[in-house]
Amino acid sequence: MRKYRGDPQGNRERYCGRSHYYCEDPQKSYSYRVKQTREDTVTPPMSEHTYSGSPKTMSVDFKTYVDQACRAAEEFVSIYYETMDKRRRALTRLYLDKATLIWNGNVVTGLDALSKFFEMLPSSEFQVNMLDCQPVHEQATQSQTTVLVVTSGIVKFDGNKQHYFNQNFLLTAQSTPNSTVWKIASDCFRFQDWASS
Amino acid sequence: MGHNSQANTLQRRARCWGIFRRRFPNWSEPVSAAMHISSHQQQDGDLAMSDAHMDSGLRYTPYAIPSHHWRSNLYKQDQTHGNMEREQKPPERRKEGNRQNGTLGSWFKITIPFGIKYEEKWLLNLIQSQCSVPFTPVEFHYEKMQAQFFVENAGIAFALKNISDKIWDEDNEKISVFVTPSEVPYSVRELKSENVEQMKLTMNNQCDASQQALDIQRPPVDPNMTGSSNYGIEEGRWLPSPAYELAGVLDTMPKDLNIESLNVSKNKVKSAGRMDKGKELQPEKMSADKNTLCTTFLDKSNNINSILELFPKLLRLGGQESSIPTLRGIEAHKKLPTCKGSFFGSNILKNLILQFLQQYYLIYDYGDRKSLLGTYHIEACFSLTIPFHPKDPALSSLCEYFKYNRDIKKLKDSYLRRQLLKYTKCDIVDSLSVLPKTRHDLSSFVVDMWFQTETMLCFSVNGVFKEVEGKSHGSVRAFIRTFIAIPGSNSSLCIINDKLFVGDPIPKGNQSTFSIPMATPSSTCMPALSQEQQEMVQAFSVQSGMNLKWSQK
């Protein structure tokens, strides 16, 4: 190779682009390295947790839950909306098999229906402006680790005017020895056109 | 000599580009730098021979070329067939080239001929330094002598094309940049949920005439040619007009561009995707039709238009302008589902939830919010979020809420994130007590019951309220409140998560529709559920299979 001009300020990261990886079978994709597939929200494995115990234990555990919930929520939200906008066909991978979506009052249940629904929706451009999350108490979830994620922002569906939207997710954790993958158990989406109500 | 001498192309290799330029600065037709070495192609009489518009058979193909051959002069070959038409490309091509289409989702392959000479980082740095827009190269790789990568944006692709020949390497040789539309790169390939049938319909309307037009314009290319799908890049660098680059792009389309087969192949892949929803599509299926290059998986009608801008010939079918708007119709067929009102799941749940809300807001609006203590679980969570106001929060009309604002999109500090999440019922009701006093408009409520198990119930309430004290007295606010509840004592709902968004309503409606809440306060404590309500809770238990012991706690 002939000599090349030296690179004055190497900033390789800028050009990393996306590495070449293939989309795996979603069933297999849960054997883990972190971020095995683009669509997975993966967090480090969770420690044993319990809400009982001394107040100190409780607060320590709770802090852990809050931190974990925030991490999962942030990562999940960025993946979710990017997938929704750019790789719509992969979106159902983020949902549990029996997940439900309530979309502006329309009920969609199960992966098949979700798949058809998302295919039917025009292409989208989402802009998330607000995000919050809360860990959900194990008493409600029967010890299945769950996070409530709430987003708000603006969406433009192709061929339609822009809308404000609010979206609620219940994310539930599927743990393996190596990591945790979060999936949507339920999803509630609404445009906000308050003034007209 | 002549094209058939290409039978000896094993001895002929691509030339050093700079030498060629210096020797032939006045060549007015695009010429390739290398020659086919496939004997199959050479024997194919169609290949670059018979078409009068074909410049030469010396198409650039990325075959392995030893470096010591680079300097031999390729261009003693027959260059008789200039494409005179190309010289007369309409000048508005330049305009089209300059029009930036910011659409995401359309992929373009960027090719640097002889890019193999350059180290990746250096080359990309150089390109970026001259390129007016930042770009993210995807799948940068070397293919034979070329450097190639993909970008996902027509505007970026145009910007990159425009710097072609405006960058130089260390030997002061110009570096060319070629741009062609491409399929989604393999690494990011996902089929878009396009209505391919409709695209087929609309494109077929142009198909017959366009086939004709395309045949004339394009040199025949051996459909069996393997290797880079980017064969046939024209090296028309000395031509002043970007029109030639476009011509080069057109020339990369195979003679038998078969839109039908494209659609069929796409359809095949699409249905395969549906059938095997649990599996990923096989690569070979996805690239089923190698001839149908220069297509893009389109997910927006804008992408189609931006593609067509690169292929203006498609717009001129037998002298007529085609109508791009036909293709816009693809996306317009996708309608949004109608927005519906509240969803409760069942009448029982509807009654349960509405009664809960009525009682909750009775106290919230008229009573002491501290008496909501009994409504919350001991380890409940509450948080509040308001829209971000970059200006001084004190000036915002929502400033009363600002100190509780928890928005982890903006707030990155872990400590603050934990602090702003109110935990335990005592902390929660204390926080609620200091929020502005309100009157909620129950008639404005739209409720979604969106998750239910035997142990939990999730529902969200959208509505409006009015502030009735303080600085913002009279202001109407819009809110969304999400409750997660478990069966509580006294057959009531016990809140375990409470998430509130408060914002200003979209200023298009009429605030006169705000109605005073109908409920009148009759007591300041949380009333026990009536017999009827208890029965409803029991019904909820039965319906959801919940253990009745919960409700009896």
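Per chain, numbering begins at 1; letters A, B, ... match sequence-line order. For the numbers below, each heavy atom of this structure counts, side chains included, while hydrogens, waters and symmetry mates do not.
For F382(B), the part lying under 4.5 angstrom from a heavy atom of chain A is the backbone only. For A73(A), the part lying near chain B is the side chain, with the backbone staying farther off; criterion is any non-hydrogen pair under 4.5 Å. Heavy-atom distances place the side chain of K412(B), and not its backbone, under 4.5 Å from chain A. Contacts between T92(A) and chain B at a heavy-atom distance below 4.5 Å are absent for every atom of the residue. Proximity to chain B is limited to the side chain of L148(A), based on heavy atoms less than 4.5 angstrom apart. Proximity to chain A (any heavy atom under 4.5 Å) is shown, for C494(B), by neither the backbone nor the side chain. Heavy atoms closer than 4.5 Å to chain B are found in both the backbone and the side chain of V128(A). Residue I408(B) touches chain A through both its backbone and its side chain, counting heavy-atom pairs closer than 4.5 Å. There is no contact between H141(B) and chain A, counting heavy-atom distances below 4.5 Å.
In terms of modelled atom types and a separation under 3.5 Å, the side chain of T455(B) and the main chain of Q142(A) share no donor-acceptor contact. For the pair D407(B) (side chain) and L131(A) (backbone), a donor-acceptor distance under 3.5 Å is present. No donor-acceptor pair under 3.5 Å is formed between the side chain of R190(A) and the backbone N or O of S460(B). Q134(A) places a side-chain N or O within donor-acceptor distance of the main-chain N or O of D498(B), the cut-off being under 3.5 Å. In this structure, the side chain of D132(A) does not engage the main chain of T385(B) through any donor-acceptor pair within 3.5 Å. Remark: the backbone N or O of P135(A) is paired with a side-chain donor or acceptor of N497(B) at under 3.5 angstrom.
For K98(A), the NZ atom is loosely surrounded, since the number of other residues' heavy atoms within 6.0 Å does not exceed 12. Within a 6.0 Å radius of CD1 in I154(A), other residues, nucleotides and ligands contribute more than 12 heavy atoms.
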Apply side chain to side chain contact (heavy atoms under 4.5 Å, CB included) to M456(B) and L170(A), showing your working.
CA-CA 12 Å; M456(B) 94 195 233; L170(A) 271 183; 3.5 Å; yes
List the steps and the verdict of side chain to side chain contact (heavy atoms under 4.5 Å, CB included) for K409(B) and E74(A).
CA-CA 7 Å; K409(B) 192 160 164 65; E74(A) 283 181 299; over 6 Å; no
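Here S186(A) is the residue among S186(A), S152(A), A185(A), G105(A) with the most heavy-atom pairs under 4.5 Å with chain B. Between chain A and the residues W450(B), F451(B), F343(B), the largest count of heavy-atom pairs under 4.5 Å involves W450(B). Put simply, of T100(A), L101(A), V150(A), the one with the most heavy-atom pairs under 4.5 Å next to chain B is V150(A). Between chain B and the options N168(A), N160(A), V77(A), I102(A), the largest number of non-hydrogen pairs under 4.5 Å is found for N168(A). With respect to chain A, the highest number of heavy-atom pairs below 4.5 Å among C458(B), S383(B), S414(B) belongs to S383(B).
Closest approach of R406(B) and C133(A) over heavy atoms only: NH1-O, 2.6 Å. For the residue pair L121(A) and P337(B), the shortest heavy atom distance occurs at CD2-CD, 3.7 Å.
A distance of 9.0 Å separates CD in E138(A) from CD1 in I496(B), rounded to the nearest 0.5 Å. Annotation: the span from T453(B) atom OG1 to Q144(A) atom CD amounts to 9.5 Å, rounded to 0.5 Å.
Under the 30°/60° scheme for interplanar angles, the aromatic rings of F62(A) and Y423(B) are found to lie parallel.
A salt bridge links D67(A) with R418(B): the distance from a Lys NZ or Arg NE/NH1/NH2 to an Asp or Glu carboxylate oxygen falls below 4.0 Å.
F191(A) has its side chain within reach of L336(B): a pair of non-hydrogen atoms, C-beta onward, lies under 4.5 Å apart. The side-chain heavy atoms of P387(B) and N129(A), taken from C-beta on, include no pair separated by under 4.5 Å.
Judged purely by distance below 3.5 Å, without hydrogens or angles, the side chains of N104(A) and K340(B) never pair a donor atom with an acceptor atom. Residues Q139(A) and E379(B) bring no donor and acceptor atom of their side chains to less than 3.5 Å of each other.
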